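These numbers were taken from a predicted model, which means no experiment stands behind them.
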Amino acid sequence: MKQIESFLTKRKKLGIKPGLERMELLLKLLQHPERQLTAIHIAGTNGKGSTSEYIKQGLQANGYTVGVFTSPSLTGLRGHIVFGNKPISEKSFLASWEEVYPAIESLDEKGMHPTEFEILTAIAFLFFSRHAEIAVIEAGMGGREDTTNCLHPIISIITTIAKDHTAYLGDTITDIASHKAGIIKRKTPVIIGELPQEAKDVVKDEAVSKQSSIYQLGKQFYFRQLPYSDNQLNMEWKLAGEKPIQLTLSMCGKHQLANASLALMALHLLRQKGLALDLVCVQSAFKKVQLEGRFELVSQQPLVIVDGAHNPEGIKAFKETVESYFPNRERHLLFAVFKDKDMDRMIGQLQHTFTSINLTTFDHPRAASVRELQKFEVKNKIQVHPSWIKAVKRMNSQEAVYFITGSIHFISLVRAYLKQRNK
């Protein structure tokens, strides 16, 4: 595995290369495993991971074998390819690699070097085509030109649309929506979440052009929040013309009600397509869903919570969850993010929620540096710490709640450190 990790690390130098030509050639050399998949394809600015997890657990509770391709990963290379509730085994990864590597070499010889993410996608498609009854595939970035967009799913889902990755997807909601809408396939149903009107218009136009039926949260299906019980979210979900269903969620944050609603709509469509799904099993599964790095409690004493909020919309949901669950507690934040993100807006959003804000950096070429962060320093309120490890070590008050948020890569480093420390 170390040799493969080294090989793929070098591929990172190729950067992000939107477009499907390399991926289509790679899959052709592998005899098109994507055509053997029964897949659900998910795009969106936020909410993809949680929606995928609800779908996966709902299917697994009904006895189906499910694979999930997710990005980014909190647990290294194999964490991108989840089978059941675990990353793909090292043995299976190596076996798939041995099949994919000759195709990589063939493309390299033609000067069409596949990127790290393209290679991982090919491995996922190959493995899932042989082992998963259903695959849930998350788009990496955007949708239309995303590596994953070589498949023809049975359902497409667009969770949310907001400004992110603007260097690649465009500066307007309309531009970004056009990329996300690119996952819609001909005569394939698409489920959409709560989108801005201009995004909704773009997605609807795409669906009409592809003759795809559209299921919109708030129109064809709805949710209503019910009172909390035992610090858990309760909701009522309703499909137009049918009896409502009640669910309890363990994941924190009101935004999870929308994610669960999209997942439930997908499961309902799968039932219509003939899959045997017991809703009682689905309800039980949803109640147990937890996801690493999503408002995740990683330490009890002191209380430390990590969350991968790395864009303004994610920060908004994170803030609301913090204020809802810990309204009267002393709250401290450690934050690190990629320099190409909207740092000004995110830090501005966070200022009035926390007693103190500590900004830091981490080992990644895209990470915002100490120098870039220093412009945000405000006496006592916002400080910059060069070492995130030292900042974490200072989290020692039993009276306070500590929050760590920002880029998923940063969160993965913190989680690994805390897990090791807490052993």
TODO: Check the pair Phe326, Ile305 against side-chain contact (heavy atoms from CB on, under 4.5 Å), reporting the backbone distance first and the verdict last.
DONE: CA-CA 11 Å; Phe326 301 96; Ile305 291 169; 3.5 Å; yes
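- Using modelled atom types, no side-chain atom of Ser407 and backbone atom of His409 make a donor-acceptor pair closer than 3.5 Å.
- Within 6.0 Å of the CD atom in Gln272, the count of heavy atoms belonging to other residues, nucleotides or ligands exceeds 12.
- Because its NZ or CZ atom is both nearer than 6.0 Å to the ring centre of Phe338 and within 45° of the ring axis, Arg366 counts as a cation-pi partner of that residue.
- Between the side chain of Gln57 and the main chain of Glu53, no donor-acceptor pair closer than 3.5 Å is present.
- For the atom pair OG of Ser212 and NZ of Lys204, the computed distance is 14.5 Å after rounding to the nearest 0.5 Å.
- In this structure, Thr405 contributes its side chain and Asp307 its backbone to a donor-acceptor pair below 3.5 Å.
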TODO: May I have the step-by-step check of side-chain contact (heavy atoms from CB on, under 4.5 Å) for Leu247 and Trp237, ending in yes or no?
DONE: CA-CA 8 Å; Leu247 298 105; Trp237 186 89; 3.9 Å; yes
Open item on the list: For a side-chain contact (heavy atoms from CB on, under 4.5 Å) check, start with the C-alpha distance between Leu264 and Phe221, then their side-chain angles and the critical distance, and finish with the verdict.
Closed with: CA-CA 10 Å; Leu264 201 55; Phe221 63 104; over 6 Å; no
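- Taking 4.0 Å as the cut-off between side-chain N and carboxylate O, Lys10 and Glu5 do not count as a salt-bridged pair.
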Open item on the list: Could you go through Thr148 and His41, starting from their C-alpha distance and side-chain angles, then the distance that decides it, and tell me whether this counts as side-chain hydrogen bond (donor to acceptor under 3.5 Å, both in side chains)?
Closed with: CA-CA 8 Å; Thr148 61; His41 199 190; 2.8 Å; yes
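- The pair Arg11-Asp108 counts as a salt bridge, with a side-chain nitrogen and a carboxylate oxygen less than 4.0 angstrom apart.
- Screening residues 259-298 for ring-ring contact (aromatic ring centres under 6.0 Å, His included) gives Tyr54-Phe286 as the qualifying pairs, with residues at least two apart or on separate chains.
- Heavy atoms of other residues, nucleotides or ligands lying less than 6.0 angstrom from CD of Gln197 number more than 12.
- Contact between Phe335 and Gly406 at its shortest, heavy atoms only, is CE1-CA, 3.8 Å.
- Side-chain N or O atoms of His310 include one that pairs as donor or acceptor with a backbone N or O of Gly308 at under 3.5 Å.
- Relative orientation of the Phe69 and Phe117 rings is tilted, given thresholds of 30° and 60° on the angle between their planes.
- Looking at Thr160, its side chain does come within 3.5 Å of a backbone N or O of Asn46 through a donor-acceptor pair.
- Counting only distance, with no hydrogens or angles, the side chain of Tyr64 and the backbone of Ala276 share a donor-acceptor pair below 3.5 Å.
- A salt bridge links Glu292 and Arg415; the closest N-O separation between the charged side-chain nitrogens and carboxylate oxygens is under 4.0 Å.
- Annotation: side chain to side chain donor-acceptor pair (under 3.5 Å) contacts involving residues 240-249, sequence neighbours excluded, comprise Asn234-Thr248.
- Taking 4.5 Å as the limit, some side-chain heavy atom of Leu269 sits within range of a side-chain heavy atom of Tyr215.
- With respect to Lys200 and Asp205, no salt bridge is recorded, no charged nitrogen being found less than 4.0 Å from a carboxylate O.
- When the shell of 6.0 Å around NZ of Lys287 is examined, it contains 12 or fewer heavy atoms from other residues, nucleotides or ligands.
- Looking only at distances, no side-chain donor or acceptor of Glu323 sits under 3.5 Å from a matching main-chain atom of Glu320.
- Among residues two or more places apart in sequence or in another chain, the side chain to side chain contact (heavy atoms under 4.5 Å, CB included) test is passed with Leu29 by Ala103, Ser106, Leu107.
- Side-chain contact annotation: Thr188 with His152, donor-acceptor N/O pair under 3.5 Å present.
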Task: Evaluation steps, side-chain contact (heavy atoms from CB on, under 4.5 Å), between Thr115 and Glu118 - done: CA-CA 5 Å; Thr115 66; Glu118 287 167 341; 3.3 Å; yes
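- Between the side chain of Lys185 and the main chain of Ile183, a donor-acceptor pair closer than 3.5 Å is present.
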- [ ] List the steps and the verdict of side-chain hydrogen bond (donor to acceptor under 3.5 Å, both in side chains) for Ser229 and Gln232.
- [x] CA-CA 5 Å; Ser229 61; Gln232 292 181 313; 5.1 Å; no
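- Among Tyr402, Phe403, Phe354, the single residue meeting the ring-ring contact (aromatic ring centres under 6.0 Å, His included) criterion with His332 is Tyr402.
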TODO: Report the C-alpha separation of Ser324 and Thr321 in whole Å, then their side-chain angles, then the decisive distance to 0.1 Å, and conclude whether the side-chain hydrogen bond (donor to acceptor under 3.5 Å, both in side chains) test is met.
DONE: CA-CA 5 Å; Ser324 174; Thr321 307; over 6 Å; no
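- Ring pair Phe93/Phe127: centre-to-centre distance not below 6.0 Å.
- Here the side chain of Ser178 pairs no donor or acceptor atom with the backbone of Thr174 at under 3.5 angstrom.
- Of the charged side-chain nitrogens involved, none lies within less than 4.0 Å of a carboxylate oxygen, so that Lys48 and Glu138 do not count as a salt-bridged pair.
- In this structure, Asp146 contributes its side chain and Ala139 its backbone to no donor-acceptor pair below 3.5 Å.
- For the residue pair Met235 and Leu249, the shortest heavy atom distance occurs at SD-CD1, 4.0 Å.
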